[in-house]
Amino acid sequence: MPGFNTNDQSQLNSQSINQSASNIKNMSRQMVIEIGVDALNKVGSDLICKVCIVNSGSCCNGCRHLENGIGCKTRNTSCTAWLCGFLKLLLYTTELLKDWDDFWIQVPGQDFREDFTPEFFFVEKPLQMKSIRSLSEALAADLRELASAHIAIGFIITLREKIDKNIDRWSQCKDDPKKRNRIERNIQALSSPFRRFNNELRDYRLIHSNA
Ligand code: SF4
Ligand code: SF4
C-alpha cells in the first residue's frame with residue numbers, strides 16, 4: 001500500500017483491537033432469550049409451528065416444562081437457539097443461517113431442554129434478523145396442503161427430519177465443494193413440493209439481490 005509504514009500498521013492494529021473490543025457486549029441470559037424470541041418472530045416460526053403441532057410434530061412433546069394450554073413454562077437459551085428442519089430451511093435458503101449460528105455459538109451452557117447459561121456473559125456478534133414472515137406464511141400453507149394430501153401419517157415430519165439432516169451435513173462440509181453441491185441438490189429436491197414457498201423465495205431473492 002503506497003505511503004504505508006510500520007507506525008501506520010501499529011496504529012491500524014490498535015484501532016482494530018479497540019474496535020473489536022468495543023463490539024464486545026455484556027449480555028444477560030434473559031436478554032439473549034428475548035433477542036432470540038424476537039428473531040424467531042421475524043422468521044415467522046409461529047406460523048410453521050402451528051401446522052407442525054396439529055400434525056403431532058411438536059418438538060416440545062413429552063417435555064416436563066410444557067404446560068397444557070400455556071406452553072413452555074421455562075424458556076431457556078438452548079430451546080431458543082435450536083432450529084428444526086423447517087426453520088433451518090427458512091434460514092438456509094435466505095442465507096441467514098450463518099448469522100444465527102454465529103450468534104448462538106457465543107452463548108455458553110446450552111443443553112437439552114434446559115440451560116446452564118450464566119446470568120451474564122460477553123458476546124461480540126449481534127443477531128440482526130430480517131423479517132421473512134411472507135416466506136414462512138407460504139411454507140406453512142404448503143405444509144398444510146401436503147399434510148392433507150398425503151394419507152401417510154407424519155409425511156411432513158419425515159420431510160422435516162430429512163431436510164434437517166441434509167442442512168446439518170451441508171454446514172459440516174464447508175471445505176468440500178463437490179459434496180456441498182450434492183447436498184444442495186438434495187435439499188432442493190426435498191423442498192421441491194413447497195410450491196408457494198419456492199415462488200415467494202424467488203421474489204425474495206430478486207428483491208435482496210438488488211438491495
Ligand atoms: S419442530 Fe419446528 S415447527 Fe415443529 S413445533 Fe418445533 S420448532 Fe415448531
Ligand atoms: S423447555 Fe424447550 S422443549 Fe421444553 S417446553 Fe420449553 S421450549 Fe419446549
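Source: prediction; values computed, not measured. In each ligand, atom 1 is the first atom listed, and ligand 1 is the first ligand listed.
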Atoms in ligand 2 with a heavy atom of Cys79 nearer than 4.0 Å: 1 (S), 2 (Fe), 3 (S), 7 (S)
Nearest-neighbour protein heavy atom for atom 1 (S) of ligand 1, which is reported as residue plus atom name and distance: Arg160 NH1, 3.2 Å
Among Leu91, Leu135, Thr94, Leu96, side-chain contact (heavy atoms from CB on, under 4.5 Å) partner for Val43: Leu91
Contact atoms of ligand 2, heavy-atom distance to Asn76 under 4.0 Å: 1 (S)
Atoms of ligand 2, numbered as shown, that sit under 4.0 Å from any heavy atom of Arg113: 1 (S), 3 (S)
2.8 Å cut-off met by an N, O or S atom of Cys63 to atom 2 (Fe) of ligand 2: no
4.5 Å side-chain heavy-atom contact, Phe103 and Met129: no
Arg29 side chain to Thr77 side chain, donor-acceptor N/O pair below 3.5 angstrom: no
Close-contact set for ligand 1 against Gly57 heavy atoms, below 4.0 Å: 1 (S), 4 (Fe)
Closest protein heavy atom to atom 8 (Fe) of ligand 1, given as residue, atom name and distance to 0.1 Å: Cys49 SG, 2.3 Å
Atoms of ligand 2 close to Cys60 [distance to a heavy atom under 4.0 angstrom, numbered from 1]: 3 (S), 5 (S), 7 (S), 8 (Fe)
Whether Phe197 and Phe194 hold their rings parallel, tilted or perpendicular, with breakpoints at 30° and 60°: perpendicular
Salt-bridge contact Asp38-Lys42 (side-chain N to carboxylate O under 4.0 Å): yes
Nearest protein heavy atom with distance in Å, relative to atom 6 (Fe) of ligand 1: Cys59 SG, 2.3 Å
Sub-4.0 Å atoms of ligand 1 with respect to non-hydrogen atoms of Cys84: 1 (S), 2 (Fe), 3 (S), 7 (S)
N/O donor-acceptor pair under 3.5 Å between Thr80 side chain and Asn76 backbone: yes
Nearest protein heavy atom with distance in Å, relative to atom 3 (S) of ligand 1: Cys52 CB, 3.5 Å
Side chains of Arg202 and Asn199, donor plus acceptor under 3.5 Å: yes
Lys/Arg N to Asp/Glu carboxylate O, Lys88 vs Asp101, below 4.0 Å: no
